[in-house]
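What follows is a short report on a single structure.
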Amino acid sequence: PMARFAYLAVDRAGREREGEITAQSQTDAHARLSAKKLLPVRVTPLAQGAAAKPASASASAATAAAGGIKVSGKTLALFTRQLATLVQAAAPLEEALNLIAQQEENARARRVFGDVHAGVVEGQRLADALARHTGAFPLLYRAAIAGGERTGRLGFVLERLSGYLARAEALRSRIQLALIYPTALALVALSVVAALMIFVVPSLAEQFSTFDARLPLITQILIATRHVAPPGGDGDFRQPDPVFERCVLRTQHVEFLLG
């Protein structure tokens with residue numbers, strides 16, 4: 001007999017897909033989704049899902065707050081590396097998760113890993129237990145775990161995931177280090193410009209006001225900006241700058257004499 005299943009899957013572009021599919025069994029549903037070039041994350045019989053929704057409302061509400069907890073990329077990479085090592089060493093999954101949770105120093109991450117362990121102990125698949133914390137485990141991460149569980153190569157998938165996460169974290173660290181120098185350079189440049197505008201430009205403006213020559217436009221603009229940040233620090237845009245007025249008047253006088 002055919003049955004209907006609700007599924008959550010990921011396509012080749014990494015987009016999340018949800019819908020229903022008709023299949024003889026859950027295994028057949030997974031195979032049909034794979035034939036459609038979809039990577040199943042969760043496949044649930046519609047009859048069981050409809051009956052369990054009211055009963056599991058309180059449980060869903062209890063895990064909703066925990067689902068928003070996020071862990072750092074470094075913590076996730078370390079968790080994946082440790083789990084891959086233990087699974088490849090033929091350690092039971094429940095014991096491996098419990099050991100990792102107990103050794104975790106960060107309280108938030110320890111709470112997440114402990115809840116994942118509790119879900120596996122309750123009989124959930126690892127991918128379903130990870131889905132209780134969508135903020136900590138991305139969709140593609142959970143989809144890869146689900147594929148490893150279906151094919152019986154969970155240790156291999158975890159090893160590949162740990163390598164990918166380690167490389168991504170190393171790249172993120174290099175980018176952050178590369179941004180430190182230009183950020184510091186920009187701050188120093190802004191400080192120098194501010195010091196020039198506050199302390200140097202006012203004295204230059206006093207000297208330019210005595211020149212009987214036409215000032216370049218850039219020089220006029222530079223002198224005009226001195227009243228934005230005067231030495232006292234209380235700039236008033238409504239009051240004209242007398243030094244700037246004298247410079248402009250002298251410039252206009254020179255232009256008039258030159259015809």
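What you are looking at is a predicted structure, and each value in this text was computed from that prediction instead of being measured.
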Would you mind reporting whether [Y] and [X] have side-chain heavy atoms less than 4.5 Å apart?
X: Gln102; Y: His117; answer: no
X: Thr75; Y: Glu104; answer: yes
X: Tyr164; Y: Thr80; answer: no

Q: Report yes or no: does Asp28 contribute a side-chain atom to a donor-acceptor pair with the main-chain N or O of Gln24 at less than 3.5 Å?
A: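 It does hold such a pair.
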Q) Can any side-chain N or O of Glu20 pair as donor or acceptor with the backbone N or O of Arg4 at less than 3.5 Å? A)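 A pair under 3.5 Å: no.
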Q: Kindly determine whether Arg150 and Arg125 satisfy side-chain contact (heavy atoms from CB on, under 4.5 Å), including the steps that lead there.
A: CA-CA 10 Å; Arg150 286 194 307 272; Arg125 297 185 309 155; 4.3 Å; yes
Q) Are Leu83 and Leu154 close enough, and set up right, to give a side-chain contact (heavy atoms from CB on, under 4.5 Å), and what steps lead you there? A) CA-CA 10 Å; Leu83 187 59; Leu154 180 59; over 6 Å; no
Q: Kindly assign one of parallel, tilted or perpendicular to the pair Phe79 and Phe113, based on the angle between their ring planes and the thresholds 30° and 60°.
A: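 Rings of Phe79 and Phe113: parallel, as their planes differ by under 30°.
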Q | Approximate separation, where rounding is to 0.5 Å, of Thr27 OG1 and Arg32 CZ | A |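 Here the interatomic distance stands at 12.5 Å.
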Q | Working for side-chain contact (heavy atoms from CB on, under 4.5 Å), residues Arg142 and Thr134 | A | CA-CA 9 Å; Arg142 291 181 277 122; Thr134 56; 3.9 Å; yes
Identify the two heavy atoms, one from [X] and one from [Y], that lie closest to each other, and give their separation to 0.1 Å.
X: Val157; Y: Gly148; answer: CG2-CA, 3.6 Å
X: Gly135; Y: Lys70; answer: O-CG, 3.3 Å
X: Phe5; Y: Ala29; answer: CD1-CB, 4.1 Å

Q.
Between Arg81 and Glu169, does any side-chain N to carboxylate O distance fall below 4.0 Å?
A. no
Q. Run the side-chain contact (heavy atoms from CB on, under 4.5 Å) check on Asn106 and Val71 step by step: do they pass?
A. CA-CA 9 Å; Asn106 184 275; Val71 298; 5.9 Å; no
